[in-house]
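Since we're looking at a predicted model, the values are computed, not measured. Naming: A, B, ... by sequence-line order, numbering from 1 per chain.
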Number of protein chains: 2
Amino acid sequence: MTESRSLARLAALLADATRAAFCLALLDGRAWTSGELARHAGVAPSTASEHVTRLVDGGLLAEVRQGRHRYLRLAGPDVAHLIEELSGHTPPDPAPPRTLRSERAAVALRRARTCYDHLAGRLGVAVTDAMAGRRLLDPDGGYALTGAGRAWLADLLGALPPVKTRPMSRTCVDWTERRPHLAGASGAALCAHAFDRAWIARIGSGRAVKVTPYGRQALADLLDLDTDKLDTDRLDTDRLDVGGLNTDTGGAVSR
Amino acid sequence: MTESRSLARLAALLADATRAAFCLALLDGRAWTSGELARHAGVAPSTASEHVTRLVDGGLLAEVRQGRHRYLRLAGPDVAHLIEELSGHTPPDPAPPRTLRSERAAVALRRARTCYDHLAGRLGVAVTDAMAGRRLLDPDGGYALTGAGRAWLADLLGALPPVKTRPMSRTCVDWTERRPHLAGASGAALCAHAFDRAWIARIGSGRAVKVTPYGRQALADLLDLDTDKLDTDRLDTDRLDVGGLNTDTGGAVSR
DNA sequence: TGGATCGTTCGGGGAACGCCGAAAGGTCAT
DNA sequence: ATGACCTTTCGGCGTTCCCCGAACGATCCA
């Protein structure tokens, strides 16, 4: 009974569309200011301030005050995992994007993005599949690193990432693909490495990333991964998503 | 924005203490009637009826109507996983049990219980640790089944459990122990096997289970597991839980 | 057929919640 | 110091939500 109260309290933090929008935005792993969150969600700064305070008090967000700014980030990987998990259980999005702007943004997000600290979208899934195909991950065992995978990762990074509280590798079923991709400490290390080496770079201010020419070559060398195929895949699943409706406009706008 | 709406809608289903109590009760994996849930949560039948309808509509619960009864169960393992995940992020319970009755119940729950379809509590953790110690699970790899683990399980059950949508093995950080234990298809199969062979049996009508003499022997033979030690462990962690306060009453009551 | 049990629907009361605008506190740059 | 900017507090409005009791429909048993 006291148990159900605390569960309800936690869920209530995410049970509001504005707070949920905050958390989803913060899934990019970076720190946003209170005002940025307000504009992003389309509410008054005063409203955002109250929401942010509740999320911090509830332990979901961590804050850093700097001058007149209040920087907010997710409290940790476990919170990010929680949000992802909940998003994964959400019914598929029925509303097609309205404007050309939002359509382009949605396409970029589906193709490649970060999911807190690891890769997601078609790129994340493709990397995970390629690693599984080379026996670096074990698809039957929750996509855990195999012995070969550990060696491969240590060779790539110089050392295996340290494991404190979070698992070394974990799957994250993502929001657009509905397929598992690599998360956990190894997923985060791999993503950080890709940013360091400029294999990937952020597009604008959101979660979307693009593969650089460097990255295209590196991923081909490392995993036989053809990143150009990310577009082909998109067309296939688009066809599935809309169930045969208006494939024309969808295809035309996305060009 | 439409994305945050659906996340909020899902979270709102669990953002009420009564609905949360329903879901936690249903974590025992069995079907409860609407009236049972009402009594369990201490609300009027009419109130429970509305809550149940919302949970079913939201996809969290599945219903089977039989005569004048309405049987409710969690919609699937993924929903159970979600509830467990949320419970795991709940702050530790500060309220000690009041009555002797509830104290005894809490002790039994901590010792051994089911968590939807797999084992949890000290027993679940002990089995998982024993399997990891014998290299049947890989602690560094998200507690995935190793090759030896697959063979061991296939030998025990006659065949490996079929894997459709859920992962073969997965960890579930549980509510009292805060430590991982085996879940997923293999965890469910192992638990079902233990019930079939009468290694374990339910205590009363809740989630608590006890180890039978059969089970005591079988677990010792299979995994060198000394189920009598579950009590010793309990005392140790009790001491940690209460932080040095009233260890006397805690120890005395639990005898 | 009558009575008991289980569930649902409906109306209403009370509380909690989310939102805003106005006003004010800090902080930074000129 | 002055003005621009970011954030917070407060009062108030409207909505939603949770709960109950009463009445009703359905089912099972005697």
Classify A:R39 by what it touches in the nucleic acid, base, sugar-phosphate, or nothing, heavy-atom distance under 4.0 Å. nothing
For C:dC6, take OP1 and OP2 only and decide whether either is under 4.0 Å from a side-chain N or O of B:R65. no
What's the CG-P distance between B:L72 and C:dC6, to the nearest Å? 15 Å
The contact string for nucleotides 19-30 of chain C, one letter per nucleotide 5' to 3', using protein heavy atoms under 4.0 Å with B, S and - for base, sugar-phosphate only and none, comes out as SBBB----BS--
Let me know the distance between CG of A:L37 and C1' of C:dG18, rounded to the nearest Å. 17 Å
Find out whether A:V127 and A:H181 are in side-chain contact, i.e. whether some heavy atom of one side chain is under 4.5 Å from a heavy atom of the other. no
B:F22 atom CZ is separated from D:dC18 atom P, nearest whole Å, by 12 Å
In terms of the angle between their ring planes, are A:H51 and A:F22 parallel, tilted or perpendicular, with boundaries placed at 30° and 60°? perpendicular
Could you tell me how the ring of A:W32 sits relative to the ring of A:H40: parallel (under 30°), tilted (30 to 60°) or perpendicular (over 60°)? perpendicular
Measure CZ/B:R9 against P/C:dG18 and give the value in whole Å, please. 16 Å
For B:T53, answer base if it contacts any base atom (sugar-phosphate contacts may also be present), sugar-phosphate if it contacts only those atoms, and nothing otherwise; contact means non-hydrogen atoms under 4.0 Å. nothing
Over how many whole Å does the gap from A:L55 atom CG to D:dT8 atom P extend? 13 Å
Any side-chain heavy atom of B:Y71 sitting closer than 4.5 Å to one from B:Q66? yes
Please identify each residue that fulfils side chain to side chain donor-acceptor pair (under 3.5 Å) with A:R39, with sequence neighbours left out. none
Write down the distance between CZ (B:R54) and C1' (D:dC19), rounded to a whole number of angstrom. 13 Å
Any A:R70 side-chain nitrogen or oxygen under 4.0 Å from OP1 or OP2 of D:dT8: yes
Let me confirm one number: the CD-NE2 distance from B:E84 to B:H118, rounded to the nearest 0.5 Å. 4.5 Å
I need the OH-P distance between B:Y71 and D:dT27, as an integer number of Å. 15 Å
Rounded to whole Å, the CZ-P distance (B:R5 to D:dT16) equals 11 Å
Heavy-atom side-chain proximity of A:L60 to A:L10 below 4.5 angstrom: yes
